[in-house]
Every structure is written in C-alpha cells, then in structure tokens.
Amino acid sequence: MSGTEATALVEARGVEVTYGGGRPLFGPKQPGIRVLHGVNVTIGRGETVGIVGESGSGKTTLGRALLRLVPVSAGTIRLDGRDITRLGGAEMRPLRRRMQMIFQDPMASLNPRHSIRRILGEPLLLHGVAGNRREAEVQIRAMLNRVSLPAAVLDRSPHELSGGQRQRVGIARAALLRPDFVLADEIVSGLDVSTQALVLRLLKELSRDMGLAMAFISHDLSVIRAICDRVYVMRFGEVVEEGPCAQVFDHPQSDYTRLLLDAIPLPEVDPHWLFPGTADAVAPPPVPKETCA
Ligand SMILES: Nc1ncnc2c1ncn2[C@@H]1O[C@H](COP(=O)(O)OP(=O)(O)OP(=O)(O)O)[C@@H](O)[C@H]1O
Ligand SMILES: [Mg+2]
C-alpha cells in the first residue's frame with residue numbers, strides 16, 4: 001500500500017446505493033434494488049485508482065456515488081476528511097468544482113449547439129474560476145495548448161472535431177476547473193488504440209502535474225495497469241479484491257480476479273505499452289503537438 005490512509009482525499013466507507021423504490025402515488029412502498037453492498041474505497045491525493053469488473057458490477061454507480069451524483073442509502077463519503085454524504089445542494093455547490101467527471105461519450109455530454117469556446121468558458125465563469133470573459137479566454141488558450149489542441153477549435157462545435165479531439169476537450173473542461181478529484185468512466189472505449197494512448201498519456205501527465213486524485217473505470221485491464229497505481233475489482237456491487245496493480249494482476253487473490261484476467265490474457269500485453277521506453281508509468285513522454293485539424 002502507498003500510505004494513502006494518511007492523505008486520503010476521497011474515502012467511501014460501507015457505501016450502499018439502492019435504485020428505485022420509494023412510495024408510489026398508489027399502493028405499497030416499493031423496496032428498490034440495492035446495487036452497491038457496503039463498498040470501501042480510498043483514493044489518496046495524486047493517486048490514480050482503477051475500478052474494474054464485469055458489466056453491471058456497479059462501477060459507474062460507485063463512481064457517481066463518490067461524486068454525490070446518486071443518493072447513498074448507507075455508509076459515508078468523505079472528501080478531504082469532511083463527511084459529504086448528506087450535504088444539501090447549497091452546501092455541495094462549492095464542492096462540485098473540486099470533483100469533476102470526464103464522460104465516456106463526449107458527444108453526449110458536450111452541448112452540440114455550443115462552440116468549444118462556450119463549452120469551456122461557461123463553467124469557468126459559473127464557478128468563478130475566471131472573473132470575466134477575457135480571463136476565461138486566457139485560461140482556455142493555455143489549457144488548449146496543454147492538451148495539444150489548436151486554438152482554431154474554439155470556434156467549432158463538438159461535431160466538427162474528431163473523437164480524440166472531443167475527448168481532449170472533455171479533459172480540458174474538467175482540468176480548467178482545477179479539481180482535486182476526477183472520475184473518468186470508460187473514457188477511451190470508443191477510440192482507436194493510438195488515439196487511446198494519446199488521450200491516456202495526456203490525462204496521466206495532467207493528473208501528475210495537477211496532483212489530481214483520479215478514479216479510472218475501464219473494462220480494459222491493460223489500460224488500468226498502464227495508468228493506475230491501485231485497482232479495485234468489483235463483482236455484484238462488492239469489492240472482491242484491492243491492491244497495487246502489479247500485485248493484483250500478477251498475484252490475484254480472488255477466483256473472480258483470476259477469471260477476469262483469464263478472459264483478457266494480460267501477460268501478452270506489455271504493462272508499459274502506454275509509455276514505451278520508460279521503466280514505469282511515472283514519467284510519460286510528452287504528447288506530440290497537434291498542428292491543426
Ligand atoms: N438509474 C438506474 N436505475 C436502476 N438501476 C440502475 C440504474 N443505473 C444502473 N442500474 C443497475 O445497477 C447495476 C450496476 O450498474 P452500473 O451502471 O453501476 O454497472 P457498471 O459496472 O458501470 O456496468 P458497465 O460496465 O456496463 O458500465 C446494474 O444492475 C444496473 O442495471
Ligand atoms: Mg458503467
């Protein structure tokens with residue numbers, strides 16, 4: 001373990017989430033379906049934690065619970081030591097900036113009628129990160145440079161960008177708000193392998209430079225191994241195994257993790273594929289600069 005207990009930024013203890021239920025207009029109270037059964041997760045500052053498990057195991061639900069985007073029926077979520085499990089909307093508002101999400105499908109999360117300038121600028125003004133439009137423009141241009149996108153994209157709308165460019169806009173939008181914690185849920189699953197590598201390297205660089213804590217959900221174990229420090233393996237709404245990536249992938253303790261690894265034969269994948277030529281994933285080579293288009 002990496003001593004995350006002392007510096008935990010995000011901490012979930014005994015978290016349960018139940019969908020549905022409640023009392024309909026007529027008839028008896030409905031029980032709902034519990035999909036998380038007492039989950040414990042700790043994410044340290046600057047730490048990238050992977051969440052893996054088969055479809056329906058509760059990965060997205062867990063990620064959303066950490067961000068208080070789904071109601072938690074039992075257990076606690078702490079941010080920086082503060083119990084945020086039952087904070088109301090007004091109390092949550094200042095914390096929202098600190099917890100950002102990068103979506104799987106940027107086409108669905110970026111307003112198709114807005115320019116990239118507006119998509120990036122509005123949250124900056126809304127959260128008071130930029131005092132006015134001019135300040136926002138300066139910050140946006142610096143961030144575009146950081147994610148290797150040309151300033152020409154500012155006047156385009158999302159459908160005028162490639163999938164990889166859109167995903168970089170999604171990353172830029174989250175990073176501009178200077179969050180402490182980012183949830184990335186299957187963010188590269190729609191991209192080809194070389195674009196995946198570009199987007200992941202960028203995210204890793206940014207998270208390192210900004211000291212971001214990150215929860216990274218993916219079906220792809222080779223991606224998890226390349227980008228994450230530790231990994232949680234989920235099944236049926238429970239964590240069945242947890243530990244540093246090397247330990248979990250090389251010496252899985254649970255039968256389920258072994259099954260998962262057998263389904264995707266990891267030994268054939270170089271764990272350093274994302275950062276070729278480096279001994280580990282700590283010092284990624286720079287993302288190549290994109291000229292235009
Ligand atoms: N809004 C919802 N209402 C009711 N049930 C839901 C809702 N969202 C998810 N579920 C159920 O909760 C369980 C966990 O879903 P979740 O989306 O968290 O899984 P996942 O691990 O992210 O799956 P995938 O890998 O397919 O994205 C599933 O059984 C799903 O059907
Ligand atoms: Mg999911």
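Counting convention: from 1, in listed order, for ligands and their atoms alike.
One finds no salt bridge joining Asp220 and Arg225 here, because no Lys/Arg side-chain nitrogen approaches an Asp/Glu carboxylate oxygen to under 4.0 Å. Using a 4.0 Å cut-off between charged nitrogen and carboxylate oxygen, Glu137 and Arg133 do not count as a salt-bridge pair. Classification of Lys59 and Asp185 as a salt-bridged pair fails, no side-chain N sitting under 4.0 Å from a carboxylate O. Using a 4.0 Å cut-off between charged nitrogen and carboxylate oxygen, Arg146 and Asp209 count as a salt-bridge pair.
For a heavy-atom separation below 4.0 Å, the residues in contact with ligand 1 are Tyr19, Val35, Glu54, Ser55, Gly56, Ser57, Gly58, Lys59, Thr60, Thr61, His219.
Residue contacts to the Mg ion (ligand 2): Thr60 brings an N, O or S atom closer than 2.8 Å.
Between the NZ atom in Lys204 and the CZ atom in Phe216 there is a gap of 9.5 Å [rounded to 0.5 Å]. Within the model, atoms CZ of Arg168 and CE of Met143 stand 13.5 Å from one another, a figure rounded to the nearest 0.5 Å.
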